[in-house]
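For reference, the structure is listed below as structure tokens.
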Amino acid sequence: MANSKFITYFIIIVLFCFTVPSTAKSSALVQEIKQQSQEQDKEPFVGVNIGTDVSDLLSPTELVSFLQVQRISHIRLYDANQDILKALAKTKIRVIISVPNNQLLAIGSSNTTAASWVGRNVVAYYPETLITGIAVGDEVLTTVPSSAPLLLPAIQSLYSALVAANLHTQIKVSTPHAASIILDTFPPSQAYFNQSLTSVMVPLLQFLSTTGSFLMMNLYPYYVFMENKGVVPLDNSLFKPLTPSKEMVDPNTLLHYTNVLDAMIDAAYVSMKNLNVTDVVVLVSESGWPSKGDSKEPYASKDNADTYNSNLIKLVLDRSGTPLHPEITSRSGTFLANDTTNQTFCIAMDGVDSKTLQTALDWACGPGSYYQKEGETSGSCDFKGVAMITTTDPSHGSCAFPGSKKVSSKKTGTILNSTEANGAVKKKSLTMMTSRSVISLHHAIKQEKWDQFWHFYGQVQENLFCNSKMGVYGPIPGAPTIQIAPSVMQARSIRRNLTASEPRPNPQGSYHNGMITPSRTIMVANSASYINGKQRYAVNGVSYVPPDTPLKLADYFKISGVFNLGSIPTCPPSGNNAYFQTSVMAANFREYVEIVFQNWEDTVQSWHIDGYSFFVVGMEGGQWTPSSRKVYNLRDTVSRCTTQVYPRSWTAIYVALDNVGMWNIRSENWARQYLGQQFYLRVYSSANSWRDELPIPRNALLCGRARGSHTRPF
């Protein structure tokens, strides 16, 4: 792309935990750093890519000082600059070093050269400098295809050198690829590697699988957007909230994609699966959006770059997986290049009750305050879902947000640690009224001293709002019909108190529901259909019609023609067609059943089961598959009789069918229930015993076709 300036990212979808072995030269400080580094692996992060082939680069000491001031804990070097590695010693900064393309020939041709490279660039600095990975070359298969035969030998030689140094479990070896090695990326289910590269990719993927390393991909949604203008909307490329009509749907898997990057990542997973590799994690080694382009690139703008950056950071820190792999949701991280955006801000989402504790802290967050003191981690800018991280400076008018380069000492008494045009870091300490108020506010909350809380809360408002007539900066948070992740996380956070350990027997003799294997799986999908030109709602393609005789009476007196068992399938059919039927599903007494509610509509669904309580074991976005059971909570989930299913999502429940009868399973939306979104589950026992079910009372009113039948005396 001509004259384009990129803000590049380095995203780890799953961050591996590297443990550092004890060595003779390890000091107490190094041990402390290693321990903190291992703990840090459990949290999302934002880091930077650093290249040394530029003019006016900071000195290594100034660079490391800048990284520490900005609380940047992860970097990737495009080489193995020894001065920078030396300056990083005994810091908490983790680094991935790189082998430039022009060194592949020497390393790939000689194990001795590879061992020398590792000794010179890894062993000489580790563990004082926390080296966590080696990136071998960059887009070798597409930029220097003549070096392709040397790529895997170079990787294997470096890995062998790490084995000899006993560092192969701490330091991973891989190579970044261009997105163009994958063809037909949408729909993702049809993607595959360029077949001309099969001879290289197959052994490379086998190596990555064997060593527990990752497939590194440089993925730029900007290029996809530019090459498919008019087909791929700009909002899909910038991670903006979408209306359902703008979501991309894979016709083969029915998975919904709200952004281009997720589709590109899943295309890589499918491509690996086509080569029989399913245990290698995709690591997005670069991604970004240009902040400037030529006259033919109007979308290469600073505003779009800032939007992409902010939303990408939020995507990573939200710990949300891709539609194909929603289970990969934790230990996420991002490496951010030191370009037009090198500062993050913690701001409040609009629409939040101003008298909640979390909102008060959120409005007070910024460098120098609680957010800064907590290391700018995602957890310090969350406050139960009411906060968000952005790279866009929220300052406006005379009100300068803490951490902004526009900050005014007259308003806040703050001078920010800033980077001037020549890149020199100016360190200036400060005393800040807002910061004191925030910390005091935090302590007041911890001690539940609410009078002090409101006092300091007022100080925070006075210092940060600057009497502005504008509202709180930031977009209004999406409702569950747009952004389901916060709602799903909140619902899954409800847990059973296991400290109350009374026995909870079940039909199979176990005292814990999570230890029981369900005997069958029933899938239930709601749909909105038109039948004979009228709006109806259906379950698995069947819109329920009430019979002329209560189903329980018809079943008890064995009246034919009222219903038929199996009149509703146990899994949803393809298509959106529906038909009328008095739908009854068969089930056996004392079965332990898994029921999955699948919702492909854009509204939240609510399901209720008469006569039973059940365990909500899982809920996620996308299509349920048997592999979805990996994310089930089988330890301390709660029992309920009604559960929600979020838009384009699923909810799974376990239920013990220990109550004989004819039980209604229905939507709690009365309009949908009335227009057919319900069915009956017949739980049957052949014993016909009063132990299992009491007889119909003698004075019961019999109606419909049961009129005139005789009941037993009660």
Side-chain angles (χ1 to χ4, degrees), residues 1-11 46-58 63 66-67 70 72 75-79 138-139 142-143 176 178-180 217-240 259-261 264 284-316 334-345 389-396 401 403-406 416 418-425 473-475:
M1 182 184 64
N3 300 323
S4 294
K5 184 179 181 183
F6 267 90
I7 302 172
T8 58
Y9 279 83
F10 180 53
I11 304 171
V46 177
V48 297
N49 286 313
I50 298 176
T52 56
D53 189 18
V54 295
S55 59
D56 298 327
L57 181 69
L58 297 176
L63 176 61
F66 173 77
L67 295 174
Q70 296 297 326
I72 295 171
I75 66 172
R76 176 196 173 193
L77 299 179
Y78 286 110
D79 52 19
D138 189 40
E139 300 186 353
T142 51
T143 58
S180 57
M217 297 295 301
N218 297 343
L219 304 179
Y220 291 94
Y222 173 79
Y223 291 132
V224 176
F225 167 72
M226 291 297 292
E227 293 169 2
N228 299 274
K229 283 190 295 185
V231 178
V232 177
L234 180 63
D235 288 353
N236 294 66
S237 304
L238 295 176
F239 309 101
K240 290 186 176 180
N259 65 78
V260 174
L261 184 61
M264 298 175 78
V284 184
S285 44
E286 290 180 13
S287 185
W289 195 274
S291 57
K292 186 178 180 180
D294 58 27
S295 58
K296 296 181 180 180
E297 297 172 310
Y299 298 99
S301 66
K302 186 177 183 300
D303 286 343
N304 283 343
D306 284 343
T307 299
Y308 185 92
N309 298 343
S310 298
N311 289 340
L312 179 57
I313 290 174
K314 185 177 185 299
L315 179 71
V316 172
T334 302
F335 285 79
L336 169 63
N338 183 19
D339 192 29
T340 61
T341 304
N342 57 18
Q343 179 64 60
T344 59
F345 302 87
I389 292 175
T390 179
T391 59
T392 304
D393 189 345
S395 302
H396 54 272
F401 201 88
S404 169
K405 294 181 180 180
K406 304 174 184 178
L416 174 68
S418 60
T419 304
E420 296 185 348
N422 62 6
V425 178
Y473 183 86

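The basis for the numbers below is simple: all heavy atoms, side chains too, and nothing from hydrogens, waters or symmetry mates.
- Residues Met226 and Tyr220 are not in side-chain contact: their nearest non-hydrogen atoms beyond the backbone lie 4.5 Å or more apart.
- Of the residues Phe225, Tyr299, Trp289, the one that meets the ring pair (Phe, Tyr, Trp, His ring centres under 6.0 Å) test with Tyr308 is Trp289.
- For the pair Met217 and Ala178, the tightest heavy-atom approach, listed with the atom from each and the gap, is CE-O, 3.6 Å.
- Note that the CG atom of Leu219 and the CD atom of Glu286 stand 9.5 Å from one another [nearest 0.5 Å].
- Put simply, the side chain of Asn309 gets close to the backbone of Ala305: a donor and an acceptor are under 3.5 Å apart.
- Of the inter-residue distances, the one linking Asp79 atom CG with Asp138 atom CG reads 12.0 Å to the nearest 0.5 angstrom.
- Between Met264 and Ser287, the closest side-chain pair of non-hydrogen atoms is not below 4.5 Å.
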CA sep, side-chain torsions, deciding dist, call: Val224, Ser237, side-chain contact (heavy atoms from CB on, under 4.5 Å): CA-CA 8 Å; Val224 176; Ser237 304; 6.0 Å; no

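- Considering OG of Ser301 and NZ of Lys292, their distance stands at 12.5 Å, rounded to 0.5 Å.
- With values rounded to the nearest 0.5 angstrom, Asn259 atom CG is found 9.5 Å from Asn311 atom CG.
- Between the CD1 atom of Ile50 and the CD1 atom of Ile75 there is a distance of 4.0 Å, given to the nearest 0.5 Å.
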